[in-house]
Amino acid sequence: MKPYSGVYENGNCKRIFNYRLSRARRVVENVFGIMASVFRVFRGPILLEPEKVRDITMTCVLLHNFLRKSRSSNSIYTPPGIFYTENNDGIVIPGSWRTEQNCTKSMFPLQRVPRKSGLGAKMVRDQFAEYFMTSGTVEWQENAK
């Protein structure tokens with residue numbers, strides 16, 4: 001999903017949407033970064049049929065969730081400091097998994113590609129922005145930086 005372009009004042013629904021989208025992206029980046037550092041299959045292109053790639057990915061996600069929830073493996077699999085965090089000032093602190101993956105070839109930075117979003121995508125984004133301001137509001141979203 002594409003964030004709204006521009007700069008918005010605190011409390012603006014577009015600013016809050018961008019903040020919430022950014023937080024969601026960090027969660028996904030944490031998970032895939034940790035999974036790529038543990039499950040080597042994600043360190044490069046997976047040259048298999050899409051159905052097999054889906055099965056491998058889902059298996060790794062299940063193993064990831066199991067290792068995170070297990071009392072005996074959680075502190076080993078995801079030690080403190082491995083995830084991105086955000087301090088009280090809204091400053092993002094990178095997770096240690098990023099520095100441990102010096103040979104990973106699957107986590108290239110995204111390139112900016114100019115393109116115009118379709119009307120349907122913009123409508124979905126607007127619906128999420130409205131939801132975040134009404135029934136989907138959370139107390140910390142006002143801290144949007």
Side-chain angles (χ1 to χ4, degrees), residues 1-8 12-87 90-145:
M1 196 169 281
K2 188 176 179 181
Y4 290 103
S5 60
V7 179
Y8 302 95
N12 183 289
C13 72
K14 291 180 179 180
R15 182 181 183 124
I16 289 172
F17 172 83
N18 287 352
Y19 179 65
R20 301 272 304 261
L21 180 63
S22 174
R23 286 180 64 109
R25 283 184 172 170
R26 282 198 307 269
V27 169
V28 171
E29 190 173 284
N30 273 326
V31 170
F32 277 100
I34 291 167
M35 285 176 45
S37 70
V38 173
F39 304 110
R40 292 177 180 251
V41 69
F42 295 120
R43 292 188 181 191
I46 305 173
L47 304 175
L48 296 172
E49 297 170 15
E51 295 78 21
K52 289 185 180 184
V53 173
R54 185 197 65 225
D55 291 345
I56 290 168
T57 303
M58 290 304 295
T59 301
C60 291
V61 167
L62 290 169
L63 286 169
H64 168 82
N65 289 340
F66 173 78
L67 293 169
R68 289 272 298 136
K69 290 182 180 182
S70 171
R71 288 184 191 165
S72 61
S73 64
N74 183 34
S75 62
I76 298 168
Y77 181 66
T78 52
I82 198 160
F83 292 111
Y84 274 63
T85 56
E86 186 174 326
N87 68 16
I91 297 170
V92 177
I93 301 161
S96 64
W97 66 263
R98 186 168 288 287
T99 59
E100 294 171 3
Q101 291 194 110
N102 51 12
C103 65
T104 300
K105 294 181 175 46
S106 61
M107 302 297 271
F108 293 124
L110 294 176
Q111 295 179 352
R112 289 190 166 260
V113 178
R115 62 179 170 251
K116 196 171 185 177
S117 299
L119 183 60
K122 289 180 180 180
M123 288 174 54
V124 169
R125 180 178 65 182
D126 291 342
Q127 289 172 346
F128 271 111
E130 176 65 25
Y131 172 76
F132 293 150
M133 295 300 291
T134 56
S135 60
T137 187
V138 291
E139 66 211 28
W140 46 259
Q141 74 185 23
E142 296 298 327
N143 299 334
K145 297 286 179 189

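Scope of the values below: all heavy atoms of this structure, side chains included, with no hydrogens, waters or symmetry mates.
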Can you find a heavy atom in the side chain of Met35 that is under 4.5 Å from one in the side chain of Leu63?
-> no

Practice task
Look at the rings of Tyr4 and Tyr8 and say which category their plane angle falls in: under 30° parallel, 30 to 60° tilted, over 60° perpendicular.
Solution key: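 Answer is perpendicular, since the angle exceeds 60°.
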
Measure the [atom1]-[atom2] distance between [X] and [Y] for me, rounded to the nearest 0.5 Å.
| X | Y | atom1 | atom2 | answer |
| --- | --- | --- | --- | --- |
| Arg26 | Arg23 | CZ | CZ | 6.0 Å |
| Ile34 | His64 | CD1 | NE2 | 6.0 Å |
| Ser70 | Asn65 | OG | CG | 12.0 Å |
| Lys2 | Leu21 | NZ | CG | 12.0 Å |
| Arg125 | Met1 | CZ | CE | 9.0 Å |
| Ser22 | Phe17 | OG | CZ | 11.0 Å |

Phe128, CZ atom: more than 12 neighbouring heavy atoms under 6.0 Å: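 Incorrect, the count does not exceed 12.
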
Exercise for review: Kindly check if the number of other-residue, nucleotide or ligand heavy atoms within 6.0 Å of CE (Met123) is above 12?
Suggested key: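 For Met123, atom CE is not crowded (no more than 12 foreign heavy atoms under 6.0 Å).
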
For Arg43 and Ala36, the nearest pair of non-hydrogen atoms, with its separation, is NE-O, 2.9 Å

ask   = Of the non-hydrogen atoms in Gly136 and Arg20, which two are nearest, and what is the gap between them?
value =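 So the minimum-distance heavy-atom pair works out to O-NH1, 3.1 Å.
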
Identify every side-chain donor-acceptor pair in residues 50-59 under 3.5 Å, counting partners at least two apart or on other chains, and give the distances.
residue, atom, partner, partner atom, Å
Thr57, OG1, Val53, O, 2.8
Thr59, OG1, Asp55, O, 2.7

**Q.** Main-chain N/O of Glu130 paired to Thr134 side chain as donor or acceptor, under 3.5 Å
**A.** yes

